[in-house]
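Step one of this worksheet: look at the structure below.
Reminder, nothing fancy here: chain letters follow the sequence lines and each chain counts from 1.
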Number of protein chains: 2
Amino acid sequence: MKDINTEQNILNAAITVFQKKGMAGARMQEIADEAQINKAMLHYYFRNKQQLFEAVLMKAFQKLAPQMNIIFAMEINVYDKIRQFTSSYIDFVLENPYLPTFIIHELNNDPQFATKLMAHPNKPDPKPLLRQFEEEIKAGNIKDIPPVQLLLNLFSLTIFPFVGETLFKVILDISDTHYHELLIARKTELADRFIESIRT
Amino acid sequence: MKDINTEQNILNAAITVFQKKGMAGARMQEIADEAQINKAMLHYYFRNKQQLFEAVLMKAFQKLAPQMNIIFAMEINVYDKIRQFTSSYIDFVLENPYLPTFIIHELNNDPQFATKLMAHPNKPDPKPLLRQFEEEIKAGNIKDIPPVQLLLNLFSLTIFPFVGETLFKVILDISDTHYHELLIARKTELADRFIESIRT
DNA sequence: ATATGGTTTAACCAAGTGGTTAACAAAAGT
DNA sequence: ACTTTTGTTAACCACTTGGTTAAACCATAT
């Protein structure tokens, strides 16, 4: 029996397993099981583990990057752009909880991977946002802080509570549901609090 | 020839390897090589990989936790506490760059590990700091934001630029040295900027 | 029908892995 | 001195892992 879309099926299974276990921890057999398919099929469609992994990596990045780029390039004022960014990024991470940690982890111990992402056609480019920061600072509407640092702050405040969820739950000693309430509250409040904190 | 401190030697080597490669990616032989020692010694001192890993985990946590606890419990005002925290945490991460990502990654795919940390005697307890936030809010000196969210912000702003270093370097498209300059600048500026941003 | 060519499977393989063992070396008791 | 305990090593083992292969399957074209 021929499944018309075995390749996508494999890729989805691989994303699930790789994101959770990482390159080193993932097992080809586990991916095959997840896809309910024979292990040899993985090699038939994607030569070997490394190439399957890279396909997953690219697909994961492709899920994330274009969306960010659209927001960065929007023709709206900085403040709306900040609101847009936090809101849609948080939505995204809520649906792909393992993805940021996965990318960071693999980026950490495969320097080559960084180079590959640099060359990615849809690589997120925050320059438009940086320029807007600069303009607002010059206009005296935003505190005089290097735009790059503002960007680091925005990213950190948005992403890290998700990346470090498990760590925070230990430190704060709170339950899963309680922590998720915090995150939901953040989604509606983060942007405006950040904006207020950088306004002169 | 008997080395009086083989155990510590192994532990240090294991920390190095485990932090970089993670539990799944680390190889017992590689740890032995790093310690310049026979592989069987690893099993002589620490039964198996799992137990060696847990010893490493505990030691890593022990390097981090007491220091945080001391600061949290200090009898100083909130603002000095914030300055103290960011400064010494940044120093710590500069010397142990892989540690936070390592803890988060392993915490993510071994739920049992979280339970173990919860029971750790020196588990960081941010309650004193949370209480101070609350007092200052009541006194009208700090904006009315839930203390837990303030803590999430403080942690995120301090830790994430280190955890996500590789990711940021790709997104910002800047060099290693340039990024490190940003981090150094952050060390001196972060605390006061954060304080100013939450003051009424 | 049957030949064709892409797809799928079970069985297999070589290399790498964590872990053991038995012999040996060095201290430490006696 | 010599016995016992602790530390160290090389060789080995069982098993997992990524990867291969040869045969079977199945849709389609002829």
Side-chain angles (χ1 to χ4, degrees), chain A residues 1-60 98 102 105-106 108-110 112-113 116, chain B residues 1-60 98 102 105-106 108-110 112-113 116:
Chain A
M1 186 170 42
K2 183 158 127 189
D3 185 345
I4 191 60
N5 222 353
T6 311
E7 190 168 330
Q8 276 305 310
N9 180 26
I10 292 176
L11 210 47
N12 286 332
I15 287 180
T16 305
V17 175
F18 272 129
Q19 276 190 27
K20 203 167 165 189
K21 306 279 180 87
M23 167 66 170
R27 299 284 161 251
M28 295 297 268
Q29 186 58 58
E30 192 182 350
I31 295 172
D33 291 346
E34 175 77 26
Q36 297 185 339
I37 224 173
N38 189 287
K39 180 167 71 89
M41 298 298 281
L42 304 182
H43 294 91
Y44 181 77
Y45 284 94
F46 308 82
R47 241 181 136 66
N48 54 36
K49 191 183 183 183
Q50 183 63 34
Q51 284 193 32
L52 175 55
F53 176 71
E54 278 169 24
V56 164
L57 226 36
M58 283 306 157
K59 180 147 188 183
Y98 290 102
F102 167 69
H105 178 73
E106 299 301 341
N108 267 343
N109 54 41
D110 179 13
Q112 271 201 306
F113 172 34
K116 262 169 211 146
Chain B
M1 186 171 42
K2 186 158 128 190
D3 185 346
I4 191 61
N5 223 354
T6 310
E7 191 168 329
Q8 277 304 310
N9 180 26
I10 292 176
L11 211 46
N12 287 332
I15 286 180
T16 304
V17 176
F18 272 128
Q19 275 190 26
K20 202 169 168 190
K21 306 279 180 86
M23 167 67 170
R27 298 284 162 254
M28 294 298 268
Q29 186 59 56
E30 191 181 350
I31 295 171
D33 291 347
E34 175 78 26
Q36 297 184 339
I37 224 173
N38 190 286
K39 179 165 71 88
M41 299 298 282
L42 306 182
H43 294 90
Y44 181 77
Y45 284 94
F46 308 81
R47 240 185 136 66
N48 54 37
K49 191 183 184 183
Q50 183 63 33
Q51 284 193 32
L52 175 57
F53 176 71
E54 279 170 23
V56 164
L57 226 36
M58 284 305 156
K59 179 147 188 182
Y98 289 102
F102 167 69
H105 178 73
E106 299 301 340
N108 266 344
N109 55 41
D110 179 14
Q112 271 201 309
F113 172 35
K116 263 169 211 147

Report, one pair per line, the protein and nucleotides 12-17 of chain C atoms (nitrogen or oxygen only) whose separation is under 3.5 Å.
unit_1, atom_1, unit_2, atom_2, d
dT17(C), OP1, R27(B), NE, 2.7

ask   = When the distance from CZ of F46(A) to C1' of dG18(D) is rounded to whole Å, what number comes out?
value = 16 Å
Determine all donor-acceptor pairs shorter than 3.5 Å in which one atom belongs to a side chain in residues 13-23 of chain A; sequence neighbours excluded.
unit_1, atom_1, unit_2, atom_2, d
T16(A), OG1, N12(A), O, 3.1
K21(A), NZ, E30(A), OE1, 3.2
K21(A), NZ, E30(A), OE2, 3.0

request  = Determine: side-chain N/O of T6(A) to OP1/OP2 of dT7(C), distance under 4.0 Å, yes or no.
outcome  = no
remark   = E7(A) CD to dT7(C) C1', in whole Å, measures 13 Å
query = Taking atom CD1 of I31(A) and atom CG of L42(A), what is their separation to the nearest 0.5 Å?
reply = 6.5 Å
query = Counting side-chain heavy atoms from CB outward, which of dT7(C), dT8(D), dG19(D) is closest to M41(B)?
reply = dT8(D)
Rounded interatomic separation in angstrom, taking CD1 from I10(B) and P from dG19(C) = 14 Å
task = May I ask you to evaluate whether Y44(B) reaches the phosphate of dT6(D), defined as a side-chain N or O under 4.0 Å from OP1 or OP2?
result = no
query = Between dG19(D) atom P and I31(A) atom CD1, what is the distance in whole Å?
reply = 11 Å
query = Could you give the NE2-to-P distance, from H43(B) to dG19(C), as a whole number of Å?
reply = 4 Å
ask   = Applying salt bridge (charged side-chain N to carboxylate O under 4.0 Å, His left out), which residue pairs with at least one partner in residues 48-57 of chain B are found, sequence neighbours left out?
value = E54(B)-K116(B)
key: Neighbour count above 12 (heavy atom, 6.0 Å) for F46(A) CZ   = yes
inquiry  = I want to verify a distance call: between dG6(C), dT9(D), dG19(C), whose nearest atom is closest to the A40(B) side chain?
reply    = dT9(D)
ask   = Could you give the OH-to-P distance, from Y45(B) to dG19(C), as a whole number of Å?
value = 18 Å
Distance in angstrom units between F53(B) CZ and dG19(C) C1', rounded = 19 Å
inquiry  = Test: side chain to side chain donor-acceptor pair (under 3.5 Å). Region: residues 31-40 of chain A. Which pairs qualify, not counting sequence neighbours?
reply    = Q29(A)-D33(A)
All salt bridge (charged side-chain N to carboxylate O under 4.0 Å, His left out) counterparts of K59(B), not counting sequence neighbours = none
task = Using side chain to side chain contact (heavy atoms under 4.5 Å, CB included) as the criterion, list what pairs up with L57(B), not counting sequence neighbours.
result = F53(B), F102(B), F113(B)
inquiry  = Within the 4.0 Å heavy-atom criterion, would you say N38(B) contacts the bases, only the backbone, or no part of the nucleic acid?
reply    = base
task = Starting from P on dA10(C), measure out to CG on D33(A) and report it in whole angstrom.
result = 12 Å
